[in-house]
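These values consider heavy atoms only, across backbone and side chains, with no hydrogens, waters or symmetry-generated copies.
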Amino acid sequence: MLLRARVVLPLSQPPIEDGFVRVSENRIAAVGNWADAPDEPVNDLGEVILLPGLVNAHCHLDYTDFVGAIPPPKSFTDWIDAIVDLKADVDDAAHATSWRHGADQCLRYGTTTLGNIESRPDQLPHLWTTTPLRFVSFLELILFKPGSNALQAVKDAEGWLEENLPPRGRTGLSPHAPYTTNADLLRACGRTGRPMAIHLAESADEHEMFCHGRGRMINRFAESGRDNSDCGFNSPVAHAAAHGVLRENALAIHANYLVETDVEQLARSLTSVVHCPRSHEYFGHEPFGEAALSAEGINLCLGTDSLATTREADAELSLFDEMRHHAGSFPSLSAETVLCRTTLNAAAALGMRGEVGEIREEAFADLITIPFTGKCVEAVEAVVWHEGLVPSVMVDGQWEVPPPSLAARD
């Protein structure tokens, strides 16, 4: 399959004006200038930018139908109580419906690879088959009460992961957060060597709990039976590092409340950081430490989080919305930097460098288009500030949202 576009945006090389991409089965076979294209039938996509599908490094698909359900809370601990109450009323059918709604939204907004936190492994094998999305599915683990058998919990999770794999992608573990896990669980997860995702240093409440041993969160979890003797000594990042969770194939999700040594620890461990701009705004967190993280060379990428943490009642899972928020919050960032955080950087964070998030030979043929009539040098900026759905989406070499010209012909 030979594709031609006004601009091809490989990301791992400069934009190509009047470019082509050749797809063979489910992989990219070649990319270059149209003058060098092979002599074979072509699908001319017209006045568009052709770029790799976006990579969402952090999401909770099962919360999609909670959009607008929780007004911005006074504290993060209040939000925890609200989401726990909402989840208590969700049956199997509602969970699956919400998950599928989220997957469909991601696809229509140009996301083709997703790092998703999974809370219901019993439903997951079927849900994977309902979408063409490429996944890194992180199995969520919450365990903090004294006497809990953390080793058995991780052994059971590993056994399930050994027997179950998404049609496109891979799996990992997600010890949910320092406040919902105990030391044994963190150590057991760290020893597996599997891809890891942990909500870390997300809120001021969590910072107070671990750094100072006080506050609303520590009281709330003490009432739930957590042994809080591990609190009051270290930051959440230092706590996670001490128990072997931080490493190259780990994602520190949010990382909103960091001390100077935390940034150094994240850099040393080669842990990626996932920032979720709309979620950050929803909670009214203090300014995100983008400059400090970037200065240390930390791999920084973007995610959507869930729609239970957005201010707009009609919000959808769009990485374009996240990019616009991020660019608006940090106007000194180049458009290239912002776009890389939803492509190259996010692919690296999910352990899929060279496979997704760029157009290069042997990468998966996961491609999207956006309308464009401008100059080639304006293409990256146009992508970052794009609004709305994308007109076409290819995953694994197949059009899941066909180009308008192809759809009309069919």
Could you check whether any side-chain heavy atom of [X] comes within less than 4.5 Å of a side-chain heavy atom of [Y], counting everything from C-beta outward?
{"X": "Asp62", "Y": "His95", "value": "yes"}
{"X": "Trp160", "Y": "Pro125", "value": "yes"}
{"X": "Cys231", "Y": "Arg226", "value": "yes"}
{"X": "Leu251", "Y": "Met196", "value": "no"}
{"X": "Thr112", "Y": "Val393", "value": "yes"}
{"X": "Val7", "Y": "Leu50", "value": "no"}
{"X": "Val31", "Y": "Val8", "value": "yes"}

Can you find a side-chain donor-acceptor pair between [X] and [Y] that sits under 3.5 Å?
{"X": "Tyr109", "Y": "Glu316", "value": "yes"}
{"X": "Thr309", "Y": "Trp79", "value": "no"}
{"X": "Arg220", "Y": "Ser224", "value": "yes"}
{"X": "Thr342", "Y": "Asn56", "value": "no"}
{"X": "Glu223", "Y": "Asn219", "value": "no"}
{"X": "Ser229", "Y": "Asp227", "value": "yes"}
{"X": "Asp65", "Y": "His101", "value": "yes"}
{"X": "Ser137", "Y": "Glu118", "value": "yes"}

Spacing of [atom1] belonging to [X] relative to [atom2] belonging to [Y], to within rounding of 0.5 Å:
{"X": "Thr130", "Y": "Gln123", "atom1": "OG1", "atom2": "CD", "result": "10.5 Å"}
{"X": "His60", "Y": "Asn116", "atom1": "NE2", "atom2": "CG", "result": "8.0 Å"}
{"X": "Leu339", "Y": "Trp385", "atom1": "CG", "atom2": "CH2", "result": "13.0 Å"}
{"X": "Leu161", "Y": "Leu173", "atom1": "CG", "atom2": "CG", "result": "5.5 Å"}
{"X": "Ile298", "Y": "Ser272", "atom1": "CD1", "atom2": "OG", "result": "9.0 Å"}
{"X": "Arg168", "Y": "Asp366", "atom1": "CZ", "atom2": "CG", "result": "9.0 Å"}

[X] with [Y]: basic N within carboxylate O range, under 4.0 Å:
{"X": "Glu208", "Y": "Arg214", "value": "yes"}
{"X": "Arg341", "Y": "Glu290", "value": "yes"}
{"X": "Glu355", "Y": "Arg170", "value": "yes"}
{"X": "Arg278", "Y": "Asp321", "value": "yes"}

Determine which pairs satisfy salt bridge (charged side-chain N to carboxylate O under 4.0 Å, His left out) with at least one residue from [range], sequence neighbours left out, and list them in order.
{"range": "residues 8-26", "value": "Arg4-Asp18, Arg22-Glu40"}
{"range": "residues 291-303", "value": "none"}
{"range": "residues 256-272", "value": "none"}

Open item on the list: Minimum heavy-atom separation for Ala346 and Ala57, please, with both atom names.
Closed with: CB-CB, 4.2 Å
Do any N or O atoms from the side chain of [X] and from the backbone of [Y] form a donor-acceptor pair under 3.5 angstrom?
{"X": "Arg360", "Y": "Ile28", "result": "no"}
{"X": "Thr111", "Y": "Val55", "result": "no"}
{"X": "Ser24", "Y": "Ala29", "result": "no"}
{"X": "Asn43", "Y": "Met1", "result": "no"}
{"X": "Ser294", "Y": "Ala291", "result": "no"}
{"X": "Asn228", "Y": "Ile218", "result": "yes"}
{"X": "Arg108", "Y": "Gly388", "result": "no"}
{"X": "Asp205", "Y": "Thr77", "result": "yes"}
{"X": "Arg6", "Y": "Gly374", "result": "yes"}
{"X": "Ser98", "Y": "Thr64", "result": "yes"}

Task: Enclosure of Glu286 CD (heavy-atom neighbours >12, cutoff 6.0 Å) - done: yes
Task: Residue Arg353 excluded, over 12 heavy atoms near CZ under 6.0 Å - done: no
Open item on the list: Please evaluate residues His285 and Tyr282 with respect to the criterion ring pair (Phe, Tyr, Trp, His ring centres under 6.0 Å), reporting the C-alpha separation (whole Å), side-chain torsions for both, the decisive distance (0.1 Å), and the verdict.
Closed with: CA-CA 8 Å; His285 293 309; Tyr282 166 85; 9.0 Å; no
Open item on the list: With a 6.0 Å cut-off on the ring centroids, do Trp99 and Phe66 count as close?
Closed with: no
TODO: Please check if the distance between the ring centroids of His254 and His58 is under 6.0 Å.
DONE: yes
Can you say whether the rings of [X] and [Y] are parallel (under 30°), tilted (30 to 60°) or perpendicular (over 60°)?
{"X": "Phe221", "Y": "Phe144", "value": "perpendicular"}
{"X": "His176", "Y": "Tyr179", "value": "perpendicular"}
{"X": "His212", "Y": "His207", "value": "perpendicular"}

- [ ] Apply side chain to side chain contact (heavy atoms under 4.5 Å, CB included) to Val237 and Leu258, showing your working.
- [x] CA-CA 8 Å; Val237 170; Leu258 303 175; 3.7 Å; yes
TODO: List the steps, then state whether side chain to side chain contact (heavy atoms under 4.5 Å, CB included) holds for Leu141 with Thr181.
DONE: CA-CA 8 Å; Leu141 296 173; Thr181 57; 5.9 Å; no
TODO: Let me see the working for His275 and His325 under ring pair (Phe, Tyr, Trp, His ring centres under 6.0 Å), right down to the final yes or no.
DONE: CA-CA 11 Å; His275 176 51; His325 275 72; over 10 Å; no
